Amino acid sequence: MNNKKPLIMIGGGGHASVLADILMGQGREIIAVISPDDVSERPIFDGVAHFQSDDAIDKFSAADVKLVNGIGFLPRSPLRQKLYQRYSALGYEFETIIASDAYISPYASIAPSAQILTRGVIQTGATIGENTIINTGALVEHDCYISAHNHIAPNAVLCGQVTTGEGVFIGANATILQNISIKNDAIVAAGATLTMCLDKNTTHYPIRSTEKYT
Ligand code: JB3
């Protein structure tokens with residue numbers, strides 16, 4: 001019997017379903033989903049109480065439950081962070097999620113509320129900030145420092161000593177070379193290779209095959 005607190009899922013879409021899959025596989029109980037959109041199309045939420053308004057959280061005491069941030073993080077979308085901060089300000093705690101088949105070095109540091117999904121790899125000396133998603137199959141190499149509210153998308157590769165500011169999005173299959181720093185709210189597009197530091201609020205795209213790689 002799991003003696004951990006029951007969970008409330010914030011959001012009921014794709015990201016929430018992936019997290020619910022991991023958590024239910026670990027024996028955790030999800031007692032409610034809060035999302036304005038219908039969840040009846042998602043069998044994983046069958047039998048879970050569904051509330052459409054965020055105000056429904058008032059039905060649950062912060063002492064008795066933990067929340068799961070089931071809102072994904074897409075470039076320039078503040079919703080995930082906004083809801084995290086709203087609920088945190090109300091005194092609710094977000095669960096830290098580590099998939100059973102993720103690798104976390106004993107010498108890595110994972111902040112509470114971070115989410116390390118299936119086959120995520122966090123190597124020695126790496127730090128993962130609060131409310132950050134390390135998505136399926138993403139690799140965070142030794143001594144990386146990933147700040148709060150980042151999304152490292154599926155199969156992204158961060159070589160050693162990469163650092164990011166808050167709100168950074170690194171797209172699926174992107175590669176970041178070692179010692180690169182990426183400033184707040186910057187975006188590395190899916191499939192891109194980043195070989196130089198990236199300033200805040202800027203976006204780096206894959207080199208088009210017709211362009212000479214400089
Ligand atoms: O790329 C990958 C592997 N996953 C993506 C993820 C990182 O981001 C995924 O493919 C999607 O692009 C996105 O996942 P997400 O956020 O689950 O997207 P979607 O399936 O559209 O679900 C959004 C959920 O947020 C829906 O259930 C909405 O009802 C809910 N939502 C929207 N606004 C809200 C609010 N929920 C609450 N509680 N409050 C809101 O204000």
Side-chain angles (χ1 to χ4, degrees), residues 6-24 30-46 48-60 62 65-95 97-99 101-102 113-121 128-140 146 148-158 164 166-174 185-192 203 206:
L7 301 169
I8 312 262
M9 182 68 74
I10 307 302
H15 188 61
S17 305
V18 169
L19 298 177
D21 211 359
I22 291 169
L23 289 162
M24 291 174 178
I30 298 174
I31 57 173
V33 179
I34 298 181
S35 71
D37 295 337
D38 179 26
V39 298
S40 59
E41 298 293 303
R42 293 187 180 275
I44 199 159
F45 293 127
D46 283 357
V48 178
H50 175 221
F51 300 94
Q52 290 190 291
S53 163
D54 286 301
D55 293 340
I57 198 65
D58 295 344
K59 303 176 191 297
F60 305 94
V65 299
K66 282 185 122 176
L67 307 187
V68 176
N69 196 343
I71 308 288
F73 172 176
L74 294 173
R76 307 272 184 259
S77 157
L79 181 62
R80 177 182 170 84
Q81 184 172 341
K82 190 171 74 111
L83 288 173
Y84 175 82
Q85 288 166 339
R86 165 187 171 157
Y87 282 105
S88 299
L90 292 172
Y92 292 88
E93 219 182 316
F94 281 87
E95 185 61 281
I97 296 170
I98 297 181
D101 61 353
S113 79
Q115 301 175 344
I116 318 295
L117 275 58
T118 300
R119 291 184 293 102
V121 174
I128 308 297
E130 67 173 308
N131 194 42
T132 277
I133 305 169
I134 306 296
N135 218 311
T136 308
L139 164 58
V140 178
I146 309 303
H149 313 302
N150 278 220
H151 180 199
I152 313 299
N155 290 324
V157 173
L158 281 62
T164 68
E166 293 203 357
V168 165
F169 177 91
I170 296 177
N173 285 308
D185 303 311
I187 295 169
V188 180
T203 300

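Indexing begins at 1, ligand by ligand and atom by atom, following the structure's order. Just so we're clear, the structure is a prediction, and the values are computed from it rather than from any experiment.
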Side chain to side chain contact (heavy atoms under 4.5 Å, CB included) between Phe73 and Gln81, intermediate numbers included
CA-CA 8 Å; Phe73 172 176; Gln81 184 172 341; over 6 Å; no
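For atom 15 (P) of ligand 1, the nearest protein heavy atom (residue, atom name, distance) is Gly72 N, 3.8 Å. Scanning all protein heavy atoms for the shortest distance to atom 28 (C) of ligand 1 gives Asp37 OD2, 3.3 Å. Scanning all protein heavy atoms for the shortest distance to atom 17 (O) of ligand 1 gives His15 N, 2.9 Å. Residue, atom and distance of the protein heavy atom nearest to atom 27 (O) of ligand 1 are Gly12 N, 2.9 Å. Remark: minimum distance from atom 1 (O) of ligand 1 to any protein heavy atom is reached at Pro154 CD, 4.6 Å. Nearest to atom 34 (C) of ligand 1 among the protein's heavy atoms is Pro36 CD, 3.3 Å. Of the protein's heavy atoms, Gly14 N, 4.4 Å lies nearest to atom 18 (O) of ligand 1.
Between Ile34 atom CD1 and Ile10 atom CD1 the span is 4.0 Å, to the nearest 0.5 Å. Distance check, rounded to the nearest 0.5 Å: CD1 of Ile133 to OG of Ser113 gives 10.5 Å.
Residue Asn135 approaches ligand 1 through these ligand atoms, each under 4.0 Å from one of its heavy atoms: 3 (C). Contact atoms of ligand 1 toward His151: 7 (C) (distance under 4.0 Å to a heavy atom of the residue). If you number the atoms of ligand 1 from 1 as listed, the ones under 4.0 Å from a heavy atom of Phe73 come out as 7 (C), 8 (O). In summary, the atoms of ligand 1 found under 4.0 Å from a heavy atom of Leu83, numbered by their order in the structure, are 37 (C), 39 (N), 40 (C). Contact atoms of ligand 1 toward Ile34: 36 (N), 37 (C), 38 (N) (distance under 4.0 Å to a heavy atom of the residue). Below 4.0 Å from some heavy atom of Ile10 lie the following atoms of ligand 1, by number and element: 38 (N).
A donor-acceptor pair shorter than 3.5 Å can be found between the side chains of Tyr84 and Glu130. A side-chain donor-acceptor contact under 3.5 Å links Gln115 and His15. Using modelled atom types and a 3.5 Å distance limit, the side chains of Thr164 and Asn150 yield a donor-acceptor pair. With no hydrogens or angles considered, no side-chain donor-acceptor pair links Ser35 and Asp37 at under 3.5 Å.
Under the 4.0 angstrom criterion, atom 21 (O) of ligand 1 counts as lacking any protein heavy-atom contact. Protein heavy atoms are found less than 4.0 angstrom from atom 7 (C) of ligand 1. Distance check on atom 3 (C) of ligand 1: some protein heavy atom falls below the 4.0 Å cut-off. At a distance under 4.0 Å, a protein heavy atom can be found next to atom 25 (O) of ligand 1. Contact annotation for atom 10 (O) of ligand 1: protein absent (non-hydrogen atoms, distance under 4.0 Å).
Here's the thing with Gly13: one of its N/O atoms is less than 3.5 angstrom from an N/O atom of ligand 1.
Considering Val188, Leu139, Ile146 in turn, Ile146 is the only one that fulfils the side chain to side chain contact (heavy atoms under 4.5 Å, CB included) rule with Leu158.
Ion pairing between Asp55 and Arg86 holds under the 4.0 Å rule for side-chain N and carboxylate O.
Side-chain atoms of Asn69 and Asn131, non-hydrogen and from C-beta on, do get closer than 4.5 Å to each other. Between Lys66 and Ile8, the closest side-chain pair of non-hydrogen atoms is not below 4.5 Å. Inter-residue side-chain proximity for Leu23 and Val68 is flagged as met; some heavy-atom pair is nearer than 4.5 Å.
A distance of 6.0 Å or more separates the ring centres of His50 and Phe45.
When the heavy-atom distances from atom 12 (O) of ligand 1 to Leu117, Leu74, Leu79, Asp54 are ranked, the shortest goes to Leu74.
In this structure, Arg80 has no heavy atom closer than 4.0 Å to ligand 1. Not a single heavy atom of Ala153 sits under 4.0 Å from any atom of ligand 1.
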